[in-house]
Student: 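If you scroll down you'll find the structure; I have some questions about it.
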Amino acid sequence: MARRPKLKKKQPINAQQKTISFYPGPSKIYDRIPKYVIDGYRKRIFSVNHRSPEFQDLYQKTSAIFKKRLNVPDDYSLFFASSATECWEIIAQSLIKKGSYHFYNGAFGKKWFQQTTALGCRSKSLEFDINSEIPVSEAEIGQEDFICVTQNETSNGTQVSSRKIEELKSLFPEKFIAADATSSMAGVRMPWNSADFWYASVQKCFGLPSGMAVIVASNRLIEYALQNDDSVHYNRFSSIVENGRKWQTTHTPNILDIYLLYRSLQDAPKIKNTEDKLLKRKSRIEAAIKAIDSLDFLVENQNTRSHTVLTVKAENEVIETVNEKAREKGLIFGNGYGEWKSNTFRLANFPALRDSEIDKLINFFDTLSFN
Ligand SMILES: *Cc1c(COP(=O)(O)O)cnc(C)c1O
């Protein structure tokens, strides 16, 4: 018998963490993760075969709790992949037949477009301003069978509103819509019915260790893939679906992350409650930032400003000073990304952060002085 690991009783495990990460990915993981890992170890779940009834049971239960907590409609199914980046490839290699049309305003949306083009798809793109909603009426969408949107652009803290995704769906009902929700899924509600292929890697808003992505796909797309996906990649979507129907996966998956997803969702509130909480936190952070003359939000338009990734803009030196002062207080801010690398910092507003940690953040801004 293996000896069971003992947690030090005197000190809660999170008391050893002297810093709080507000990085929007990889981000702070739930404080309950160590407990889940030990439970899973004791249940021997990390050593089960991925074709065994034990794994099938875990997948099925994870799918059920996922759909319940995140309000996913019945005609959508949950699948696993290794990363959001891999999802770009799965969509390009398995699903796009005639072409794809990409709306983007930041680094992740652009990379998705470039990767899809590099894989030989006939892709078109429309870049839009961070303060404008996606310009649906300007898009010249013709034969393309896929429309691609980055629902939450982690690089600059913008989001595409549910209303806009619904508008796309109603204007192009015969097209498939793919949505990257890596830094928003599990934090705010998704208009599931308005897109066919939703995906997110779990090291951001899900508050889990990196190394897995979730895919939420519509029956319409699943049926289409089973008829039309004749690609030979080990992770072709049709094979993911065929395996998924047996509660199995194409290859040995990240069972640790699947188990952590299952446990963390069991302990999570309904998505509406999580969203309400995050929106309140967002308003508090906005008020604290607004009170400081030299800091501003990069995204001015409230309709396009993300709820879950907040990007603050200032002179380069101010950004450096604020990051430095925050670090002295044990608060780690996310660096700016791409073209906003030096003149912004980013703050995750993810559910794994505790109220007390948000309080520390607010207190930091309330007492910030530049002397
Ligand atoms: C982080 C991120 C990705 C890439 O995620 P990986 O897990 O590294 O593949 C893709 N899209 C968005 C919007 C992201 O925030």
Side-chain angles (χ1 to χ4, degrees), residues 21-29 79-93 100 102-119 123 125 127-128 130 134 146-161 164-165 177-188 190 195 197-216 233 235 240 253-254 256-258 260-261 278 298-299 304-311 333-341 344-352:
S21 174
F22 290 91
Y23 231 102
S27 31
K28 194 205 149 181
I29 61 173
F79 304 104
F80 302 110
S82 302
S83 66
T85 305
E86 190 190 24
C87 292
W88 299 342
E89 297 217 343
I90 292 170
I91 296 166
Q93 292 169 330
S100 57
H102 299 249
F103 292 96
Y104 70 79
N105 70 5
F108 286 107
K110 186 175 184 175
K111 273 193 210 163
W112 183 5
F113 164 64
Q114 289 171 335
Q115 184 61 21
T116 305
T117 310
L119 287 169
S123 305
S125 68
E127 194 170 353
F128 60 101
I130 57 171
I134 52 170
F146 267 78
I147 300 173
C148 301
V149 291
T150 303
Q151 191 277 332
N152 203 70
E153 178 51 78
T154 321
S155 68
N156 55 26
T158 57
Q159 67 168 348
V160 176
S161 64
K164 276 288 154 184
I165 300 179
I177 298 179
D180 183 343
T182 292
S183 49
S184 51
M185 194 189 289
V188 293
M190 295 293 137
F197 189 113
W198 293 89
Y199 63 94
S201 36
V202 298
Q203 74 275 19
K204 295 181 187 173
C205 211
F206 278 93
L208 299 176
S210 61
M212 187 171 81
V214 292
I215 298 168
V216 178
H233 306 277
N235 234 4
I240 293 177
N254 189 336
L256 171 64
D257 247 330
I258 295 173
L260 297 178
L261 177 65
L278 295 189
L298 174 68
V299 182
T304 65
R305 186 183 296 171
S306 166
H307 297 316
T308 50
V309 178
L310 301 174
T311 305
F333 291 180
N335 283 338
Y337 200 102
E339 67 178 284
W340 299 282
K341 195 167 185 57
T344 65
F345 60 79
R346 292 174 302 151
L347 299 172
N349 181 25
F350 293 160

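Indexing begins at 1, ligand by ligand and atom by atom, following the structure's order. We use all heavy atoms of the structure for the numbers below, so side chains are in, but hydrogens, waters and symmetry mates are not. Index from 1, following the sequence.
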Student: Answer yes or no for K204 and F108: cation-pi contact, defined as NZ/CZ to six-membered ring centre under 6.0 Å and angle to ring axis within 45°.
Tutor: yes
Student: Taking side chain as C-beta onward, heavy atoms only, is T344 less than 4.5 Å from Y337?
Tutor: no
Student: Hey, which atoms in ligand 1 end up nearer than 4.0 Å to a heavy atom of S201?
Tutor: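 What qualifies from ligand 1 is 5 (O), 6 (P), 7 (O).
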Student: Within less than 4.0 angstrom of ligand 1, does K111 place any heavy atom?
Tutor: no
Student: Is there a donor-acceptor contact under 3.5 Å linking the side chains of T308 and N349?
Tutor: no
Student: Check whether any heavy atom of W88 sits under 4.0 Å from an atom of ligand 1.
Tutor: yes
Student: Going by distance alone, is a donor N or O of one side chain under 3.5 Å from an acceptor N or O of the other, for Q115 and E89?
Tutor: yes
Student: Using a strict cut-off of 4.0 Å, indicate which atoms of ligand 1 neighbour a heavy atom of D180.
Tutor: 10 (C), 11 (N), 12 (C), 13 (C)
Student: With heavy atoms of T154 as the reference, note each atom of ligand 1 found under 4.0 Å away.
Tutor: 12 (C), 13 (C), 14 (C), 15 (O)
Student: I need the nearest protein heavy-atom contact for atom 9 (O) of ligand 1: residue, atom name and distance, please.
Tutor: T85 OG1, 2.6 Å
Student: Would you say the side-chain atoms of T158 and E153 include a donor-acceptor pair closer than 3.5 Å?
Tutor: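 There is no such pair between these side chains.
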Student: Any atoms of ligand 1 less than 4.0 Å from a non-hydrogen atom of K204? List them with their elements.
Tutor: 1 (C), 2 (C), 3 (C), 14 (C), 15 (O)
Student: Looking only at atom types and distance, does a side-chain atom of N254 sit under 3.5 Å from a main-chain N or O of G211, one as donor and one as acceptor?
Tutor: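 Yes, N254 side chain to G211 backbone: donor-acceptor pair under 3.5 Å.
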Student: Which is it for T182 and ligand 1 at heavy atoms under 4.0 Å: side chain, backbone, both or neither?
Tutor: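 Under 4.0 Å from ligand 1, T182 contributes side-chain atoms alone.
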Student: Going by atom types alone, do N156 and T311 pair a side-chain donor with an acceptor below 3.5 Å?
Tutor: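 Checked: N156/T311 side chains show no N/O donor-acceptor pair below 3.5 Å.
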Student: Need the ligand 1 atom indices (1-based, order shown) with element for anything under 4.0 Å from a heavy-atom of A84.
Tutor: 3 (C), 4 (C), 5 (O), 6 (P), 7 (O), 9 (O), 10 (C)
Student: Please identify which atoms of ligand 1 are closer than 4.0 Å to at least one heavy atom of N152.
Tutor: 13 (C)
Student: Near Q203, which atoms of ligand 1 are under 4.0 Å from a heavy atom of that residue?
Tutor: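 Heavy-atom distances to Q203 below 4.0 Å select 6 (P), 7 (O), 8 (O).
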Student: Without hydrogens or angle criteria, can the side chains of T116 and S123 be said to hold a donor-acceptor pair below 3.5 Å?
Tutor: no
